[in-house]
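Structure, as structure tokens:
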There are 2 protein chains.
Amino acid sequence: MKKPVTIQDVARAAGVSTATVSRALSSPDGVAEPKRRAVEAALVRTGYQINHAARNLRRQRTGVVVALVPKISNPFFSRILDGIDGVLRSEGMTLTVAETRPGGASAPTRGGEVNAAPLIAAFNNKSRADGVILLDGGLDWPSGGGDVPAAVYACEWRRGSSVPMVRAENARGAAKAVDHLWDIGHRRIGFVGDSRNVLIEERRRGVEIALARRGGRLDPKDLYQGDFSLDSGARAGARWLQSTDRPTAIVCANDEMAIGLIGAVARSGAQVPKDLSVTGFDDIDIARHVTPALTTLHQPRTALGRLAARTLVDLLAGREVDADQVLDVDLVQRDSTAPPRD
Amino acid sequence: MKKPVTIQDVARAAGVSTATVSRALSSPDGVAEPKRRAVEAALVRTGYQINHAARNLRRQRTGVVVALVPKISNPFFSRILDGIDGVLRSEGMTLTVAETRPGGASAPTRGGEVNAAPLIAAFNNKSRADGVILLDGGLDWPSGGGDVPAAVYACEWRRGSSVPMVRAENARGAAKAVDHLWDIGHRRIGFVGDSRNVLIEERRRGVEIALARRGGRLDPKDLYQGDFSLDSGARAGARWLQSTDRPTAIVCANDEMAIGLIGAVARSGAQVPKDLSVTGFDDIDIARHVTPALTTLHQPRTALGRLAARTLVDLLAGREVDADQVLDVDLVQRDSTAPPRD
DNA sequence: TTGTATGCGTTATCAC
DNA sequence: GTGATAACGCATACAA
């Protein structure tokens with residue numbers, strides 16, 4: 001373990017002062033051509049690696065943004081993270097990702113409370129990150145000003161929080177699903193996602209509004225438990241199979257539950273969409289590949305990520321930002337919905 | 001933006017020296033009861049938050065391990081990350097995740113070269129992380145000693161590298177898939193995954209060995225391009241559909257390709273497993289939920305993650321570690337395989 | 001057990 | 001445009 005190369009070593013090798021090396025690194029324009037070249041050569045020659053700890057300490061910022069996601073494996077987040085990463089990269093910042101629900105499948109996947117205090121404490125720290133993008137509405141980020149990093153909710157959020165948020169039109173999206181189903185003849189429409197989570201609440205609200213507009217309603221009997229996981233979708237499917245008095249179509253609060261539900265139903269011999277129409281929400285990559293291909297609501301995920309990142313960047317720059325930015329979602333009709341049998 | 005609270009402020013509030021505060025934070029045992037309580041009270045009272053930059057600079061380490069994954073959305077990695085996280089957490093370290101293939105679906109998803117140099121440079125830095133777990137065999141980690149962080153390959157690796165690796169029995173796993181298919185009557189078996197990636201190479205090798213053992217062979221005609229993505233699986237399916245002289249079973253190098261392949265085949269009216277048997281590899285969560293449920297090879301993902309993390313911890317502690325640790329893989333029979341038609 | 005004092009490697013301020 | 005130098009906040013060697 002040899003001693004690390006410092007800026008001093010580089011300075012000596014280049015025959016300049018440490019200040020010049022530092023400037024050559026951070027603002028090359030302020031350094032005259034010949035010296036700059038000398039420094040660059042010395043940098044390579046010595047194998048210099050910057051010490052971020054020292055730089056961060058001195059600058060009082062890290063250049064890092066942390067994205068806090070409920071479950072890293074949820075494919076819904078990937079594009080969002082891509083969008084975030086793109087913007088941050090262009091700003092010279094670094095994205096790192098941390099999971100808020102360690103334990104994977106055994107832990108609640110989304111929504112619901114979790115002992116988030118230590119996690120929040122860990123990341124609500126100026127010396128760890130300049131800013132945080134919260135993709136978990138279960139996290140109650142301390143919004144009071146002060147010394148904390150800037151924060152933005154993306155996709156999920158927390159009611160009553162003053163942290164700015166970026167999200168999709170969840171209620172209207174779900175309403176679009178209902179409109180579609182109603183238009184092709186369904187009158188009894190169920191919903192999967194009866195848990196405490198803003199997204200589920202909003203999407204359910206959209207279902208109720210859309211049904212009400214057509215003179216229908218969401219029967220409590222047609223409400224299935226669901227926590228965004230494949231398994232909870234499968235359980236909903238099992239429940240649907242067991243009953244005889246049941247809906248002809250089911251709106252799921254996300255694609256994974258829809259896939260789980262369809263799987264359970266299909267394995268028992270019933271057919272989707274012949275016996276049951278199913279819609280998802282999110283349009284994850286796999287939605288078009290499963291059988292039947294999933295009718296779902298496409299969220300502009302990359303755009304959401306980009307917008308969230310830009311909002312955070314604005315916040316960091318001290319600019320004014322909108323407290324609530326909402327993007328549209330679109331219905332993508334595929335093969336999991338069809339007119340009811342009768 | 002008020003000035004941050006330092007240990008000096010805490011020391012003043014508690015009526016002790018900064019050294020005592022620091023000790024109370026890092027090694028409470030070395031501090032007498034009354035002072036310790038006083039410090040703890042002052043900590044809360046002042047709202048102290050540790051400055052990681054300063055601590056890291058002083059300690060010359062970060063307590064952070066970075067996992068470098070090809071594609072964060074690949075569900076295969078989630079359990080592995082859980083395993084890693086569990087071990088690190090118990091060691092008082094923090095896991096952060098970074099993606100090596102930004103750009104999501106548009107970029108190559110796994111395998112193949114990528115301009116990894118800047119990425120490697122960014123993380124091969126003592127001041128950023130104490131160690132790195134590489135889940136991307138495309139990264140050529142500089143294994144020469146010196147000042148670099150400790151590193152371990154997990155799942156994927158790079159031939160010729162001297163970085164220790166932890167992985168599954170890829171060749172034997174693929175061989176098990178072939179054995180199963182052969183046993184139920186298939187004689188012409190194809191393979192999806194003709195790209196430059198260690199995992200694909202190993203799994204293909206397993207297929208070839210198993211076929212050879214039975215007196216069969218892998219016909220070059222039955223080799224389909226595949227890069228681990230859903231879309232490449234779908235393309236393989238399209239190719240299979242177009243030809244008439246074709247295998248009755250296809251072994252896919254991962255589950256996502258298998259799902260993409262099955263989807264393409266099913267949408268054209270052909271039936272899996274009646275017309276074509278398909279196997280995956282990994283046993284991702286969704287594998288049991290798709291229709292037909294996927295026959296695949298289960299990898300001990302959490303165990304792999306844990307082992308990788310333990311190996312890294314050992315490395316950091318200066319302990320001797322095995323250069324190559326291999327875990328077993330098990331065939332999970334589901335509904336995507338059946339005897340051939342004729 | 002506790003306090004004092006030093007330095008980790010960098011950037012930024014100031015003078016030249 | 002360039003160099004000397006003083007912090008940044010903490011952990012630790014050493015002294016007490």
Side-chain angles (χ1 to χ4, degrees), chain A residues 1-40 42-43 46-64 92 125-130 147 149, chain B residues 1-40 42-43 46-64 92 125-130 147 149:
Chain A
M1 196 79 63
K2 22 177 139 68
K3 232 168 76 187
V5 178
T6 74
I7 215 175
Q8 302 235 32
D9 302 319
V10 178
R12 204 172 310 125
V16 301
S17 74
T18 60
T20 298
V21 175
S22 175
R23 278 189 285 255
L25 246 32
S26 304
S27 45
D29 307 328
V31 174
E33 182 71 14
K35 300 231 175 201
R36 204 179 59 212
R37 300 175 79 91
V39 170
E40 277 161 7
L43 245 23
T46 56
Y48 173 77
Q49 305 236 95
I50 195 159
N51 184 318
H52 289 94
R55 166 177 281 185
N56 294 349
L57 175 58
R58 180 59 229 232
R59 285 193 175 161
Q60 300 288 64
R61 57 198 170 75
T62 63
V64 169
N125 184 316
K126 266 301 218 184
S127 63
R128 228 202 236 305
D130 299 340
D147 182 42
Chain B
M1 195 78 62
K2 21 178 137 68
K3 232 169 75 187
V5 179
T6 73
I7 60 172
Q8 301 235 32
D9 303 319
V10 178
R12 206 172 307 123
V16 301
S17 75
T18 59
T20 299
V21 176
S22 175
R23 278 189 284 255
L25 247 32
S26 303
S27 46
D29 307 328
V31 174
E33 183 70 16
K35 300 233 174 200
R36 203 180 60 213
R37 300 175 78 91
V39 170
E40 277 161 7
L43 245 23
T46 55
Y48 173 77
Q49 307 235 96
I50 195 156
N51 184 318
H52 289 94
R55 166 177 281 188
N56 294 350
L57 176 57
R58 179 59 228 236
R59 284 193 176 161
Q60 300 288 63
R61 58 198 171 74
T62 63
V64 169
N125 184 316
K126 266 300 218 185
S127 63
R128 225 201 239 307
D130 298 341
D147 182 43

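These numbers come from a predicted model, not from an experiment. Each chain gets a letter, A, B and so on, in the order its sequence line appears, and its residues count up from 1. Because only heavy atoms are used, hydrogens play no part in the values below, and waters and symmetry mates are left out as well, while side chains stay in.
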**Report entry** Short side-chain N/O contact to C:dG9 OP1/OP2 from A:Thr6, under 4.0 Å
**Finding:** no

Report task. Return the minimal non-hydrogen interatomic distance between B:Gln49 and A:Asn125, and the atom names on each side. Result -> NE2-CA, 3.8 Å

Report summary line: Of the listed D:dG1, C:dT13, D:dG9, the closest approach to the A:Arg23 side chain comes from C:dT13

Report summary line: Closest to the side chain of A:Ala19, out of C:dG9, D:dG3, D:dC10, is D:dG3

**Report entry** Non-neighbouring partners of B:Asn51 that pass side-chain contact (heavy atoms from CB on, under 4.5 Å), sequence neighbours left out
**Finding:** A:Leu57, A:Gln60, A:Ser127, B:Ala53, B:Ala54

Query raised in the report: Under 4.0 Å between a side-chain N/O of B:Ser17 and OP1 or OP2 of C:dT2, yes or no?
Result: no

Query - DNA chain D-proximal residues of residues 55-63 of chain A, any heavy atom under 4.0 Å - result: A:Leu57, A:Arg58, A:Gln60

Query - Between C1' of D:dA7 and CG of B:Asn51, the distance in whole Å - result: 13 Å

Query raised in the report: OP1 or OP2 of D:dA11 sitting under 4.0 Å from any side-chain N/O of B:Ser26?
Result: yes

Query raised in the report: Rounding to a whole Å, what distance do you find between A:Ile7:CD1 and C:dC8:P?
Result: 14 Å

Query raised in the report: Between A:Tyr48 and A:Leu25, is a side-chain contact (heavy atoms from CB on, under 4.5 Å) present by the stated rule, with each step listed?
Result: CA-CA 11 Å; A:Tyr48 173 77; A:Leu25 246 32; 3.7 Å; yes

Requested in this report: Tell me which nucleotide among D:dC10, C:dT4, C:dT2 gets nearest to the side chain of B:Lys35.
Outcome: C:dT2

Query raised in the report: With respect to the side chain of B:Val16, which nucleotide from C:dG3, D:dG9, D:dT5 is positioned closest?
Result: C:dG3

Report task. Tell me which of A:Leu25 and B:Val31 sits closer to the 5' end of DNA chain C, going by the nucleotide each one is nearest to. Result -> B:Val31

Requested in this report: Return the value, rounded to whole Å, for the distance between atom NE2 of B:His52 and atom P of C:dG9.
Outcome: 20 Å

Query raised in the report: Could you give the CD-to-C1' distance, from B:Gln8 to C:dA5, as a whole number of Å?
Result: 12 Å

Requested in this report: Send over the distance from A:Asp9 CG to C:dG9 C1', rounded to a whole Å.
Outcome: 11 Å

Report summary line: In whole angstroms, the gap separating P of D:dT2 from CZ of A:Arg36 amounts to 10 Å

Query raised in the report: Are the side chain of B:Thr6 and the backbone of B:Gln8 linked by a donor-acceptor contact shorter than 3.5 Å?
Result: yes

Requested in this report: Assess whether salt bridge (charged side-chain N to carboxylate O under 4.0 Å, His left out) is satisfied between A:Glu40 and A:Arg37, documenting all intermediate values.
Outcome: CA-CA 5 Å; A:Glu40 277 161 7; A:Arg37 300 175 79 91; over 6 Å; no

Requested in this report: Would you kindly give the CD-to-P distance between B:Glu33 and C:dT2, to the nearest whole Å?
Outcome: 11 Å

**Report entry** Side-chain donor/acceptor of B:Thr62 to backbone N/O of B:Val64, under 3.5 Å
**Finding:** yes

Query raised in the report: Counting distance only, does the side-chain N/O of B:Ser26 pair as donor-acceptor with the main-chain N or O of B:Arg23 below 3.5 Å?
Result: no

